[in-house]
Amino acid sequence: QLPLVESGGGLVQPGGSLRVSCVLSGFTLRGYAIGWFRQAPGKEREGVACISSSGGATKYADPVKGRFTVSTDNVKNTVYLQMNSLKAEDTAIYYCAAGRRLIGICVLDAHESYDYWGQGTQVTVSS
């Protein structure tokens with residue numbers, strides 16, 4: 001069983017909304033910072049949003065600030081990325097990652113800080 005499984009991707013029109021989910025298996029959400037990353041064709045993987053293990057700290061990349069929101073459901077052991085006002089440039093494979101060494105913080109620019117990665121879910125923004 002994979003430790004992280006993303007779902008909820010799909011095709012959406014520009015200006016639309018989508019919520020992707022990341023379910024954790026085999027470990028609890030509370031002990032891990034969670035990051036959302038994306039990779040578009042021909043581009044490097046980039047950090048999009050993250051949330052600390054306590055949920056008290058979040059970070060967002062500049063291109064998505066004000067449009068994306070990361071949240072958690074500790075009962076369901078699930079992390080969500082709500083994406084609003086989607087643009088064509090948001091098209092990418094979206095990955096979630098969990099990091100046990102990030103205590104009280106989360107990071108977007110140090111991929112090596114995350115220990116577990118999901119397989120990704122495709123988000124396509126197109127008319």
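Both backbone and side-chain heavy atoms feed into the values below; hydrogens, waters and symmetry mates do not. Counting from 1, the numbers follow the sequence of the chain as shown.
Using a cutoff of 4.0 Å between basic side-chain nitrogens and carboxylate oxygens, Lys87 and Asp90 are not scored as salt-bridged.
His111 is listed as a side-chain neighbour of Arg45, based on a closest heavy-atom distance under 4.5 Å. For the pair Leu24 and Tyr116, the minimum side-chain heavy-atom distance is 4.5 Å or more. Taking the side chain as every heavy atom from C-beta outward, Phe68 and Val48 approach each other to under 4.5 Å. Side-chain contact check for Pro3 versus Ser25: every heavy-atom pair is 4.5 Å or farther apart. Side-chain contact check for Gln119 versus Val5: every heavy-atom pair is 4.5 Å or farther apart. Between Val70 and Tyr60 there is a side-chain heavy-atom pair separated by less than 4.5 Å. In this structure, Met83 and Thr69 have side chains that are not in contact, with every pair of non-hydrogen atoms separated by 4.5 Å or more. Proximity of Leu102 to Tyr114: side-chain heavy atoms (C-beta onward) are separated by under 4.5 Å at one or more points.
A distance of 12.0 Å separates CD in Gln82 from CZ in Arg67, rounded to the nearest 0.5 Å. Note that the CD atom of Glu6 and the CD1 atom of Ile93 stand 10.0 Å from one another [nearest 0.5 Å]. The line from CD of Gln13 to OG of Ser126 is 8.5 Å long, rounded to the nearest 0.5 Å. Once rounded to the nearest 0.5 Å, the distance linking CG of Asn77 with SG of Cys22 reads 9.5 Å. The CZ atom of Arg19 sits 9.0 Å away from the OG atom of Ser7 when rounded to the nearest 0.5 Å. How far CG of Leu108 is from SG of Cys50: 4.0 Å, rounded to the nearest 0.5 Å.
Between Ala97 and Leu4, the closest heavy-atom pair is CA-CD1, 3.8 Å. Contact record, Pro14 with Ser127: CD-N, 3.7 Å, taken as the closest heavy-atom pair. Across all their heavy atoms, Ala98 and Ile34 have their closest contact at CB-CD1, 3.7 Å. Taking both residues in full, the closest heavy atoms of Leu18 and Gly8 are given as CG-O, 3.6 Å, listed atom of the first, atom of the second, then distance. Closest non-hydrogen pair, Cys106 versus Ala57, comes out as SG-O, 4.2 Å.
At least one donor-acceptor pair closer than 3.5 Å links the side chain of Ser54 to the backbone N or O of Gly56. In this structure, Thr91 contributes its side chain and Val125 its backbone to a donor-acceptor pair below 3.5 Å. Side-chain N or O atoms of Asp109 include none that pairs as donor or acceptor with a backbone N or O of Gly47 at under 3.5 Å. Of the possible polar contacts, one joining the Thr121 side chain to the Gly9 backbone as a donor-acceptor pair under 3.5 Å is found.
Cluster membership for Phe27 and Ile51, using ILVMFWY side-chain heavy atoms within less than 4.5 angstrom, is shared. In the hydrophobic clustering of this structure, Phe37 groups with Ile105; members are Ile, Leu, Val, Met, Phe, Trp, Tyr whose side-chain heavy atoms approach within less than 4.5 Å, directly or through other members. In the hydrophobic clustering of this structure, Tyr80 does not group with Val123; members are Ile, Leu, Val, Met, Phe, Trp, Tyr whose side-chain heavy atoms approach within less than 4.5 Å, directly or through other members.
Judged by distance alone, the side chains of Asn84 and Ser17 do bring a donor and an acceptor atom under 3.5 Å apart.
In this structure, Arg38 forms no cation-pi arrangement with Tyr95, as its terminal cationic atom is not both closer than 6.0 Å to the ring centre and no more than 45° off the ring axis. Figure legend: cation-pi geometry between Arg100 and Tyr32 absent, as NZ or CZ is not positioned both under 6.0 Å from the six-membered ring centre and within 45° of its axis.
Other residues, nucleotides and ligands place no more than 12 heavy atoms under 6.0 Å from the CD atom of Glu44.
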What do the steps show when you test Gln122 against Thr124 for side-chain contact (heavy atoms from CB on, under 4.5 Å), and what is the final call? CA-CA 6 Å; Gln122 176 71 48; Thr124 303; 3.3 Å; yes

